[in-house]
2 protein chains.
Amino acid sequence: MIDAAGLRVMKAIQDEGSFTAAAVSLGYTQPAISQMVRRLEQRTGTVLVERLGRSVRLTEAGQVLARHASTVLAALDAAEEEVAAIAGLRSGRVRLMAFPSSSATVVPHALALVKRRYPDVVVTFTEAEPPESLAALKAGECDLAVAFSYEGIDLSEIQEDLDSLVVTKLLDDEVRLALPDGHPLADQDTAELGALADEPWIAGCPKCRGHLVHLAREAGFAPNVAFETEDYVAVQGLVAEGLGVALIPDLILRTTHHPSVRALQVSPSSRREIFAVTTPDLARVPAVQATIEALVEAAEVHG
Amino acid sequence: MIDAAGLRVMKAIQDEGSFTAAAVSLGYTQPAISQMVRRLEQRTGTVLVERLGRSVRLTEAGQVLARHASTVLAALDAAEEEVAAIAGLRSGRVRLMAFPSSSATVVPHALALVKRRYPDVVVTFTEAEPPESLAALKAGECDLAVAFSYEGIDLSEIQEDLDSLVVTKLLDDEVRLALPDGHPLADQDTAELGALADEPWIAGCPKCRGHLVHLAREAGFAPNVAFETEDYVAVQGLVAEGLGVALIPDLILRTTHHPSVRALQVSPSSRREIFAVTTPDLARVPAVQATIEALVEAAEVHG
DNA sequence: CTCATCATATAACGTTCCGTTATCCCGCGT
DNA sequence: ACGCGGGATAACGGAACGTTATATGATGAG
């Protein structure tokens, strides 16, 4: 019934004292104001201005509208400014979820980049393995996920999700074989997985364990998984003590490498892909875009 | 750029969880909401809603708009309600100016009527003689004036003003001749003015004095004005003491009639007209209308 | 007192906004 | 596989709102 434009006009009339002056101050022509007032008057069913010969003056009802104008216009401006701030990266929030081994390397670097460039953009960060982070993304609990997929295996499995999501490749992460220092193969650069068929294995997260099983099957054996932990420091500790061997992504080894653990190339080589995932809508949010860009740059450094 | 309708839509989407539900709650169709959101998004240059397969969810920027919606809509509703209250006589203010002798009779009665009918309409009241009250009306210092004009004299003089004003006739007020009790003519019902050519005269307000002079001239003499006061109680006191004779409007005599003062009809008879005056714009303001109506009714009682 | 001037009102017109109906497309659940 | 619920899109009509051109009325100066 009554809108912000009407209030703005009434306020201008009160401030300027005439239709013409109000029109100038609002960048309109005089008849525009004249008609606006007439429309307002017939909508509200009241007289809003007194027409004196030379100038005009607001009636009580007109003054009511002019008085409320400030409130409404201020709130409207505030809303506009807040949105503009988000659009202009002077504000904004990104809820990021990443899996543990990325959160030690690429992610902190990217967060630092974002913070340096856009100090007022807040990136909140939660650790989560790919299945949960993607679920959270779809549930609207996060805006951006850093996930991985072992090449050729469950990539196609997630693919069904990925076609409705925006995926940005960050880096390839070589999977290496971790052996204790005194192990017979420890001095080699490369080892075939089949040569370790009889060793006890130490597995990481469920997804990583799945990958191990897959690779082992291709090498012709079913691994004897003696330990299971998501903590790769613990994995390396177990390996160092000679309690088993493990597959460890290179990204982790570059961060924390136990001195008594040898890391060999696996043959045939296996890698996991790490990428940033978000929804098509969120991909167009400036703060999310900025975070993805920072992740890409951080990945180049760590690649 | 951004208007109240847009905010209302964003809030409805947030509250209802889908475009369709929002459309229903606002009484629109679904495409209307869809387009509204699209327009808002391209105007602000930001993504406002995430389209998930089944439902939608607001982005951060969208939430900002939804949050501000309450403020804006509340202020808008408040403004609308206040104006409606004025239109519905549940509120409103009338600044009334009336000349002294009316303020003792018709005006208080009218004010009581207004207060009884519309308890929340406030009528403020200031005493002023016609020239000032009409000036105040044109200066915007009052909304309604109760004025008088002696018939055939300055009526035409004010007429130039009155064609641009709204005049409502209230009543005719007979002008009577006040004589002291023992005066030779005191026992008559009627007296010719010429018979009092040699008496000392007591004049009221400037306008009344003008009327006296005018009537005397027509009767063939120039009155000897011995006293001049705007207070008609004082006038009657002077008359009672035999210090002079006076013309006094009947309206006053009906309120306060000095026991030793005789009031005769004047021949030829003379009356003053009492009317309510306002501007064409103000005449359409409900509270002003109501006050005029009350004045008319009060005048009928006092007529 | 008349005239120039300034301000509002009105008429006529074009554009934009914003709603509608009719339809298509997609994700999801049976 | 199919139906259904929900959003997007196209086409269209009307109302809102701006413009220019012009009339009307009040005011102040010569």
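Remember, predicted model here, so these are calculated numbers, not experimental data. By convention in this document, chain letters (A, B, ...) are assigned in the order of the sequence lines, proteins followed by strands, and residues within each chain are numbered from 1.
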Separation of [X] atom [atom1] from [N] atom [atom2], in whole Å?
X	N	atom1	atom2	answer
B/Asp281	C/dT8	CG	P	13 Å
A/Phe19	D/dG25	CZ	C1'	15 Å
A/Leu165	C/dG27	CG	P	11 Å
B/Leu52	C/dG29	CG	P	13 Å
B/Leu40	C/dC18	CG	C1'	12 Å
A/Asp3	D/dC17	CG	P	6 Å
A/Arg38	D/dA16	CZ	P	12 Å
A/Glu50	C/dA9	CD	P	13 Å

Tested for side chain to side chain contact (heavy atoms under 4.5 Å, CB included) against A/Leu144, the lone hit among A/Leu295, A/Leu282, A/Leu137 is A/Leu295
Kindly say if [X] contacts the phosphate of [N], meaning a side-chain N or O under 4.0 Å from OP1 or OP2.
X	N	result
B/Arg57	D/dG7	no
B/Ser34	D/dA8	yes
A/Arg51	C/dA7	no
A/Thr20	C/dT8	yes

Answer yes or no: does atom CZ of B/Arg217 have more than 12 heavy-atom neighbours from other residues, nucleotides or ligands under 6.0 Å?
no
Do [X] and [Y] make a side-chain contact, defined as non-hydrogen atoms from C-beta onward lying under 4.5 Å apart?
X	Y	result
A/Glu60	B/Val285	no
A/Pro280	B/Glu50	no
A/Ile86	A/Glu82	no

Between A/Thr46 and A/Thr44, does any side-chain donor sit less than 3.5 Å from a side-chain acceptor?
yes
5' to 3', nucleotides 18-24 of chain D under a 4.0 Å protein heavy-atom cut-off (B base, S sugar-phosphate only, - none) gives BBBB---
CZ/A/Phe148 to CD/A/Glu273 distance, rounded to the nearest 0.5 angstrom?
12.0 Å
